[in-house]
K.L.:
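My questions all concern the structure below.
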Amino acid sequence: MAADILANLNEPQREAVKKTEGPVLVLAGAGSGKTRTIVHRIAYLIHEKNIFPNRIVAVTFTNKAAGEMRQRVLEVAGDAAMSCILKTYHSLGLYLLRELCGYISFPRDFTIWDDTDQNGAINGVLESLSRDKLNKTHIKYFSQKIGSFKDNLISPEQLPEKINLDEIEFGDILQEVYHLYEQKKMDSRAMDFSDLLYQTVKIMENFPESLANFHRRYHYFLVDEYQDTNHSQYTMINLLAKGRNNLCVVGDDDQAIYTWRGANINNILDFNRDFPDAMTVKLEENYRSTQPVLDLANDVINQNKNRMDKALWTQIRDGQKPALYILNSDIDESKQIAAQIENAISSGVAPSEIAVLYRVNSQSRLIEEALLQKKIKYRVYGGVSFFGRKEVKDILAYLRFLVNPFDEAALLRLVNNPPRGIGEKSVERLVEFRNEVMQKERTLSDFLRIFSLIEDSGLNKKAADGISQLFTWMKDMREKIMRKVDFALLIEDVLERSGLKAAIEEEDRLLGTSRMENITELKNSMIFFQRTHPDAVLNDYLQEISLFSNTNDLGEPDDGVCLMTVHNAKGLEFDTVIIAGLDDGIFPHYLAAERDDGEEERRLLYVAITRARRQLFFTRAKRRMMQGFVQTTNPSVFISQINETLWEKNDYSLNQPGFVGYSGSRNNYGEKKAPGSYLQKQNEIIKNKTKNSFNNVIDLNNVNSAQKAGEFRSGDRVRHPNFGVGKIFKIEGSGDAAKVHIFFGDNKSRKFILKYTRLEKA
DNA sequence: CTTGAAGCGATTTTT
DNA sequence: TCGCTTCAAG
């Protein structure tokens with residue numbers, strides 16, 4: 001067995017596999033067999049070193065990568081590998097956290113809040129501070145900040161010492177909002193996404209015996225995509241692995257594409273500092289792509305200054321030259337893509353070996369249409385996910401509430417959905433009443449009495465009736481689900497009694513939607529789950545799917561063309577890859593310019609290119625629908641930066657001088673300037689960049705860099721000729737084009753273009 | 001107070 | 001296109 005395991009590896013790969021004890025850093029270029037190395041290392045540990053599979057923990061970044069790895073581990077190591085712990089960071093966090101809950105007397109069957117739930121809760125907090133009706137931007141602002149604090153393991157109490165609050169927007173209330181949000185979440189018996197790492201780390205730190213326990217249990221750790229770990233992920237893995245120091249991390253600094261989410265590339269650059277006795281292995285031979293594909297990839301990535309030196313090479317010398325197709329419109333572009341796919345398929349490429357990669361999810365729509373027209377099977381990954389659909393979330397809110405009646409987010413979602421006469425005011429009162437009860441009734445059974453106390457709540461008759469009716473059957477049903485229950489019957493029952501069924505059917509009939517089909521799909525997914533997990537209770541299902549909130553994947557086979565964002569494609573490979581939308585503003589994306597020095601978008605392109613084994617195509621559209629308008633686009637800067645000899649350019653826009661496709665009411669061709677040119681933004685930013693030093697402060701995605709526009713900066717109090725005195729909340733862009741968001745006394749924020757606004761300091 | 005209709009505006013990347 | 005906010009009517 002051992003011979004087999006080592007046989008198909010090259011020298012550095014074999015080294016990385018055989019050095020099972022102590023820390024190992026594998027710097028692996030794209031396509032250099034990094035997953036292969038991890039998989040074989042696991043097999044080697046099991047079969048050669050006789051390690052119990054359940055002592056081995058392997059961590060990946062995405063669900064898709066985890067699934068793929070599990071499959072390959074089973075292929076190489078056999079069924080013995082079944083009991084390996086093979087998870088994403090978040091599912092590992094959840095797995096450990098359920099156990100750790102005992103240390104803080106928190107129920108282990110907590111609810112997991114997604115971003116929407118989190119935003120709702122933060123909104124509630126802001127209202128309770130009577131800063132009511134802050135708009136969406138503000139809620140997003142607070143939730144981003146809180147998320148980034150947690151990603152950096154900063155508790156509400158630590159906030160003032162770690163962050164200079166004077167320099168941040170709303171610094172005066174940030175700590176309070178953070179604290180109240182945490183309170184509300186705990187009261188709801190819920191954890192948010194960040195908690196799956198944050199709480200796990202905090203509890204392991206505060207209760208060393210819990211960590212020692214894990215150290216006894218888990219002996220070998222493998223981490224994929226190490227370049228994309230953020231501080232909390234990094235800390236979690238390091239705490240766990242410090243027990244025996246058997247940590248093998250694999251990554252590629254050229255593929256770091258998550259710094260926007262707090263990933264810290266220094267985690268991989270400083271591995272040798274954290275683990276001084278680490279062995280470093282470099283994998284530089286690429287087994288995936290042909291020379292022409294690799295040449296183009298190298299040409300792109302070599303333009304980045306800030307990178308470790310690497311030289312990828314391949315033995316697959318021959319290959320097709322990559323090609324760029326320039327089209328007149330995004331509609332033509334999608335047709336061209338469909339045609340390329342048709343070609344590839346007829347030349348023998350399997351549809352599942354073809355991928356269309358794009359920068360933003362919204363690009364998928366037209367491509368889908370073109371593929372539908374040609375009757376090409378496809379599958380979209382990510383985007384508006386199945387579990388993100390309104391009707392699915394609606395019904396899930398009921399299920400969540402049945403499991404955990406403390407869950408405020410679920411309550412708010414379901415209470416007047418479908419409409420039952422409980423409007424905004426009644427909800428407000430209900431929540432107040434609920435919080436009062438919660439002060440007194442700490443246990444669940446006491447708390448459930450809220451259902452029968454509604455009459456005393458001061459609600460109007462209609463609302464009180466609605467609520468007591470609702471709660472009567474829910475209380476009933478809750479008793480049912482405490483016992484073992486058939487998921488299919490349960491969801492049927494909830495649909496019926498909630499009135500959701502009637503409401504959804506009515507909507508389908510009137511608007512021609514097919515929401516009911518999605519409900520049926522949800523039901524199928526629950527049935528499938530119960531069949532595969534016979535002992536599972538409802539909350540096991542709910543927790544599981546909350547980590548899959550970004551999938552459309554409900555277990556169907558992967559047999560169509562893959563459509564996904566470049567981010568989603570990381571770690572995957574395909575025979576034929578088409579990269580769509582090489583237009584300025586799309587790729588690189590105009591909103592990335594504010595944060596990115598230009599290199600992350602380029603790394604993103606590099607990741608996209610290196611997904612391809614044999615065929616690589618790019619497309620660009622001279623006009624495309626953006627933000628509701630058809631707009632003229634400039635070529636992506638990447639096009640001019642790529643050496644001409646490395647690809648073929650086919651300008652099909654010249655053959656068809658007319659603008660095909662757009663007709664009817666939307667006719668302002670080219671009238672509107674493209675919303676964002678990446679280049680333009682970059683230049684402005686470079687010009688206006690103020691020098692900040694971050695010596696003693698953690699850089700939380702630049703929380704501390706107060707933005708300036710002319711003489712104004714965010715945080716300033718200003719007087720507007722029409723609206724009076726307000727505070728600058730946010731500044732977008734700079735120079736004359738800068739847009740200033742000002743927050744006025746009437747609790748509304750308004751946006752102005754600085755150039756056209758007569759502002760003075762107040 | 002609640003609801004439904006009409007108008008509006010805004011759209012990165014993900015666990 | 002779609003989801004959200006705003007507005008007027010019941």
Side-chain angles (χ1 to χ4, degrees), chain A residues 59-66 87-94 112-116 118 133 135-137 140 147 150-151 191-198 225 228-230 232-233 256-263 357-366 369 381-385 387-390 416-429 459-463 466 510-511 513 545-551 564-570 581 585-596 600-601 603-605 607-608 625-629 666 675-676 678 748 751:
Chain A
V59 184
T60 66
F61 215 70
T62 63
N63 294 310
K64 207 159 189 323
K87 292 173 173 296
T88 64
Y89 279 104
H90 286 81
S91 68
L92 177 65
L94 171 62
I112 298 175
W113 273 2
D114 66 12
D115 291 351
T116 317
Q118 183 177 32
K133 296 287 171 258
N135 64 31
K136 253 180 13 196
T137 324
K140 236 169 127 186
K150 293 171 83 158
D151 285 346
M191 295 278 180
D192 62 26
F193 276 140
S194 312
D195 281 331
L196 301 182
L197 304 160
Y198 173 91
E225 312 282 9
D228 280 326
T229 48
N230 67 25
S232 61
Q233 292 163 334
I257 54 175
Y258 281 98
T259 61
W260 57 274
R261 222 181 80 193
L357 307 182
Y358 36 79
R359 180 63 178 80
V360 294
N361 282 306
S362 60
Q363 287 174 261
S364 76
R365 164 173 280 128
L366 285 176
E369 277 174 26
Y381 294 87
V384 179
S385 76
F387 292 108
R389 309 218 168 152
K390 184 184 172 303
N416 194 37
N417 186 2
R420 45 174 78 85
I422 307 158
E424 201 183 335
K425 288 284 167 196
S426 295
V427 171
E428 216 170 273
R429 227 166 271 163
L459 289 174
N460 71 46
K461 184 95 176 61
K462 195 176 154 208
L510 289 175
L511 302 175
T513 49
I545 62 170
S546 63
L547 295 181
F548 276 81
S549 56
N550 219 273
T551 346
M564 65 182 92
T565 63
V566 182
H567 283 88
N568 255 317
K570 193 175 70 158
I586 296 280
F587 201 172
H589 198 275
Y590 70 106
L591 288 174
E594 300 187 1
R595 174 178 23 79
D596 183 15
E600 180 141 323
E601 289 288 304
R603 287 195 295 267
L604 198 53
L605 179 64
V607 167
M625 178 80 81
M626 284 158 95
Q627 301 174 352
F629 294 96
R666 298 180 190 273
Y678 183 89
K748 289 215 173 90
K751 189 161 78 174

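Lettering follows sequence order; numbering is per chain, from 1.
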K.L.:
Stacking between A/Trp260 and B/dT13, defined as ring centres under 5.5 angstrom apart with planes under 30°, is that present or not?
P.N.:
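Check passed, A/Trp260 stacks on base of B/dT13.
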
K.L.:
Find the distance between NZ (A/Lys150) and CG (A/Asn230) and round it off to the nearest 0.5 Å.
P.N.:
13.0 Å

K.L.:
Check whether any side-chain N or O of A/Asn230 sits under 4.0 Å from OP1 or OP2 of B/dT14, and answer yes or no.
P.N.:
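It does not, given that no N or O in the side chain of A/Asn230 lies less than 4.0 Å from OP1 or OP2 of B/dT14.
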
K.L.:
Under 4.0 Å between any heavy atoms, over every strand shown, what does A/Ser194 touch: base, sugar-phosphate, or nothing? Just pick one.
P.N.:
nothing

K.L.:
Classify the nucleic acid contact of A/Arg359 as base, sugar-phosphate or nothing, counting any heavy atom under 4.0 Å across all strands shown.
P.N.:
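Touches a base.
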
K.L.:
Check whether A/Arg603 reaches the backbone of A/Ala256 with its side chain - one donor and one acceptor, N or O, closer than 3.5 Å.
P.N.:
yes

K.L.:
Expressed in angstrom and rounded to an integer, what is the separation of A/Leu196 atom CG from B/dT15 atom P?
P.N.:
13 Å

K.L.:
Check this for me: does the side-chain of A/His589 come within 3.5 Å of the base of B/dT12 through a donor and an acceptor?
P.N.:
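Donor-acceptor pair under 3.5 Å: no.
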
K.L.:
When the nearest nucleotide of DNA chain B is assigned to A/Val360 and to A/Phe61 on a heavy-atom basis, which residue is associated with the more 5' position?
P.N.:
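Taking each residue's closest nucleotide, the earlier one in sequence belongs to A/Val360.
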
K.L.:
Is the phosphate of B/dT13 approached by A/Asn568 (side-chain N or O, under 4.0 Å from OP1 or OP2)?
P.N.:
no

K.L.:
Consider the side chain of A/Arg365, meaning its heavy atoms from C-beta on, and name the nucleotide among B/dC1, B/dT11, C/dC2 that approaches it most closely.
P.N.:
C/dC2

K.L.:
Nearest whole Å is fine: how far is B/dT12 P from A/Arg603 CZ?
P.N.:
21 Å

K.L.:
Round to a whole Å and report the spacing from CD of A/Glu428 to P of B/dT2.
P.N.:
10 Å

K.L.:
Would you say A/Asp192 and A/Tyr198 make side-chain contact, with heavy atoms under 4.5 Å?
P.N.:
no

K.L.:
Please state how far atom CZ in A/Phe387 lies from atom P in B/dT15, giving the value in whole angstrom units.
P.N.:
13 Å

K.L.:
In whole angstrom, what separates A/Lys390's NZ from C/dC4's C1'?
P.N.:
12 Å

K.L.:
Side-chain contact, heavy-atom cut-off 4.5 Å: A/Asp151 with A/Ser194?
P.N.:
yes

K.L.:
Is the phosphate of B/dT12, meaning OP1 or OP2, less than 4.0 Å from a side-chain N or O of A/Thr565?
P.N.:
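Checking A/Thr565 against B/dT12: no side-chain N or O falls below 4.0 Å of OP1 or OP2.
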
K.L.:
Parallel, tilted or perpendicular, judged at 30° and 60°: which one describes the rings of A/Phe61 and A/Tyr258?
P.N.:
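It falls in the tilted class, 30° to 60°.
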
K.L.:
Which value, in whole Å, describes the distance between the C1' atoms of nucleotides B/dT13 and C/dC4?
P.N.:
23 Å

K.L.:
Out of B/dT13, B/dT12, B/dC1, which nucleotide sits closest to the side chain of A/His567?
P.N.:
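Looking only at side-chain atoms, A/His567 lies closest to B/dT13.
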
K.L.:
Mind listing the closest non-hydrogen atom pair of A/Leu604 and A/His567 along with its distance?
P.N.:
CD2-CE1, 3.5 Å

K.L.:
For B/dT15, does either OP1 or OP2 sit under 4.0 Å from a side-chain N or O belonging to A/Ser91?
P.N.:
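So the side-chain polar atoms of A/Ser91 never come under 4.0 Å of the phosphate oxygens OP1 or OP2 of B/dT15.
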
K.L.:
Say you pick atom P in C/dT6 and the same atom in B/dT11; how far apart are they, in whole Å?
P.N.:
15 Å

K.L.:
If we only count heavy atoms from C-beta on, is the A/Phe587 to A/Val360 side-chain gap below 4.5 Å?
P.N.:
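A side-chain contact under 4.5 Å is absent here.
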
K.L.:
Separation of A/Lys461 atom NZ from B/dT2 atom C1', in whole Å?
P.N.:
17 Å

K.L.:
Is the backbone N or O of A/Thr565 less than 3.5 Å from a side-chain atom of A/Asn361, with the two atoms forming a donor-acceptor pair by type?
P.N.:
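No; zero donor-acceptor contacts below 3.5 Å.
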
K.L.:
With respect to the side chain of A/Asp115, which nucleotide from B/dC1, B/dT15, B/dT11 is positioned closest?
P.N.:
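Between B/dC1, B/dT15, B/dT11, the one nearest the side chain of A/Asp115 would be B/dT15.
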
K.L.:
For the pair made of CD1 in A/Ile112 and C1' in B/dT15, what is the distance, rounded to whole Å?
P.N.:
11 Å

K.L.:
Return the value, rounded to whole Å, for the distance between atom CE of A/Met564 and atom C1' of B/dT15.
P.N.:
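From A/Met564 CE to B/dT15 C1': 17 Å.
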
K.L.:
Check the interface with nucleotides 3-5 of chain B: list each N/O to N/O pair with the protein under 3.5 Å, or write none.
P.N.:
from, atom 1, to, atom 2, distance (Å)
B/dT3, OP1, A/Gly421, N, 2.7
B/dT3, OP2, A/Asn416, ND2, 3.0

